[in-house]
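Below is one structure, written out as structure tokens; the observations come after it.
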2 protein chains.
Amino acid sequence: MISQAEENYLKALFHLTNEMQGKIEAGTNELAEILDVKPATANNMLKKLKEKEWVSYEKYGKITLTDKGKSLAVETVRKHRLWETFLYEKLNFTWDEVHEVAEQLEHIKSDKLVQQLERFLDFPETDPHGDPIPNAKGEIKFVNRKTLAEVEVGKTCKLISVKDNSSSFLQYVVKLGLGLSSKIKIISRQDFDGSMEIEVNKVRSSISKKVAQNLFVV
Amino acid sequence: MISQAEENYLKALFHLTNEMQGKIEAGTNELAEILDVKPATANNMLKKLKEKEWVSYEKYGKITLTDKGKSLAVETVRKHRLWETFLYEKLNFTWDEVHEVAEQLEHIKSDKLVQQLERFLDFPETDPHGDPIPNAKGEIKFVNRKTLAEVEVGKTCKLISVKDNSSSFLQYVVKLGLGLSSKIKIISRQDFDGSMEIEVNKVRSSISKKVAQNLFVV
DNA sequence: TAACGAAGTTAGATTAATCTAACAAATTTT
DNA sequence: AAAATTTGTTAGATTAATCTAACTTCGTTA
Ligand SMILES: [Mn+2]
Ligand SMILES: [Mn+2]
Ligand SMILES: [Mn+2]
Ligand SMILES: [Mn+2]
């Protein structure tokens with residue numbers, strides 16, 4: 001029986017290796033970092049995951065998910081995003097509130113629950129942050145997207161998802177007048193720090209490069 | 001922060017002491033029994049619960065919940081029954097399937113979730129087994145009920161709740177043609193073993209005393 | 001009331017998940 | 001290539017929840 005901790009590690013590895021543009025392997029420290037544990041702890045867990053054949057990794061080497069590990073991770077991601085959608089669509093949660101509770105709900109073990117929840121939500125394709133929801137077979141509908149930081153000055157684009165799911169970031173995004181599907185026009189960009197001025201619904205704001213890199217657009 | 005195990009112990013104590021007719025205190029062994037752990041384990045946990053002032057108990061003495069402990073237990077019962085209702089009403093679960101999943105869902109920590117779930121379900125008063133759902137203040141609408149074993153021969157009564165929530169028992173109840181609100185007529189009762197013949201929708205069945213004691217009627 | 005069986009407790013071990021501190025290897029910088 | 005920095009590992013300790021085996025206390029019955 002897979003534990004909650006194990007599910008969290010596999011999910012984190014999936015985010016690091018499969019959902020990151022141009023990355024297919026992860027390191028102990030970055031894994032520890034996003035799980036908010038010490039590297040020693042992650043290292044200890046890695047040994048267990050390797051033993052169970054959910055990751056492949058050798059001492060001092062890089063970490064990758066095995067097929068089995070990836071499929072377990074995707075199942076957890078699927079549950080996470082279905083629950084976020086449920087909270088948002090049915091229980092009046094805002095998009096900055098759903099993540100924390102979904103972190104707990106994703107660990108509930110019941111195949112029927114997931115299947116019925118998906119039907120109840122009418123087979124949603126994306127969660128409240130614009131991220132794709134894997135289907136029952138573990139297939140993920142990939143959307144070609146880039147970050148706002150990569151868009152040229154003068155162009156207009158549409159926000160389709162956010163990278164950082166923290167409530168502080170999401171609340172800031174709302175404050176900028178942004179939500180999923182918002183049209184964003186790039187007014188100007190500073191060369192030296194990558195900060196930029198954008199226009200949303202006729203309102204102009206200045207945002208840092210860091211912020212722009214956390215907004216995915218098409 | 002209260003752990004899942006602690007919540008399970010408090011809930012079990014609540015069932016033993018507050019929801020059992022004519023019982024206000026529990027023993028270590030029966031507590032261990034319903035939680036499916038060894039007496040030594042329960043004893044160990046009892047020390048922690050006492051330390052946290054959620055139970056009052058002295059070595060070799062009886063166990064009772066403190067006010068704080070009772071209120072925590074009721075909150076967990078409330079969540080359990082709301083989730084059971086959700087699974088039954090919205091996700092097409094049958095009444096013998098809801099308990100196991102609710103055992104997990106009851107531990108999710110989010111006040112907003114509980115409050116919104118209750119609203120979403122339109123403030124249900126009872127769960128799929130006929131048990132009352134405590135309100136947000138922890139108040140429970142008590143219904144005067146007796147077990148089928150106590151009903152006189154010749155009388156007709158109505159099933160309002162079941163004591164045993166195990167799926168094997170619930171499936172047996174369904175097989176008898178029974179569900180909540182079913183009318184049951186007592187045809188006869190054997191003196192020596194308390195078994196009885198009942199009639200439900202013109203169909204007669206014979207049930208043991210044990211079964212009759214697990215059916216609550218008015 | 002003494003003994004017996006039931007109920008309850010203690011001691012010591014185990015497992016999972018975490019930590020700190022010290023150490024080792026790998027990579028980058030000078 | 002040596003030094004410095006970053007990355008990763010090990011050893012040992014801690015906490016929560018569980019177990020088994022042995023022991024103690026309680027309550028009932030002869
Ligand atoms: Mn989680
Ligand atoms: Mn999300
Ligand atoms: Mn439970
Ligand atoms: Mn119930």
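For the numbers below, each heavy atom of this structure counts, side chains included, while hydrogens, waters and symmetry mates do not. Computed from a predicted structure; not experimentally measured. So that the names make sense, note that chain A is the first sequence line, chain B the second, and so on, each numbered from 1.
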Quiz item: Which part of the nucleic acid, if any, lies within reach of B:Ala40 when heavy atoms closer than 4.0 Å are counted: base, sugar-phosphate only, or nothing?
Solution: base
Quiz item: Within the structure shown, what part of the strands sits under 4.0 Å from B:Thr28 by heavy-atom distance: base, sugar-phosphate, or nothing?
Solution: sugar-phosphate
Report yes if a side-chain nitrogen or oxygen of [X] is closer than 4.0 Å to either non-bridging phosphate oxygen (OP1 or OP2) of [N]; otherwise report no.
| X | N | answer |
| --- | --- | --- |
| A:Tyr9 | C:dA16 | no |
| B:Tyr60 | C:dA6 | no |
| B:Asn43 | C:dT9 | yes |
| B:Lys38 | C:dT9 | no |
| A:Lys47 | D:dT9 | no |

Quiz prompt | Euclidean distance, atom CD1 of residue A:Ile63 to atom P of C:dA26 [Å, nearest integer] | solution = 15 Å
Quiz item: When you match A:Asn44 and B:Lys48 each to their closest nucleotide on DNA chain D, which lands nearer the 5' end?
Solution: A:Asn44
Quiz item: Taking atom NZ of B:Lys50 as the centre, does the number of heavy atoms from other residues, nucleotides or ligands within less than 6.0 Å exceed 12?
Solution: yes
Quiz item: Relative to the 5' end of DNA chain C, which residue comes earlier, A:Lys59 or B:Asn29, by the nucleotide with the nearest heavy atom?
Solution: B:Asn29
Quiz item: Considering heavy-atom distances to DNA chain C, does B:Thr41 or A:Ser3 have its closest nucleotide positioned more toward the 5' end?
Solution: B:Thr41
Quiz item: Quick one: are the ring centres of B:Phe86 and A:Phe86 less than 6.0 Å apart?
Solution: yes
Quiz item: Looking only at side chains, do B:His80 and B:His99 share a donor and an acceptor under 3.5 Å apart?
Solution: yes
Quiz item: How many angstroms lie between atom CD1 of B:Ile186 and atom CD of B:Glu150, to the nearest 0.5 angstrom?
Solution: 11.5 Å
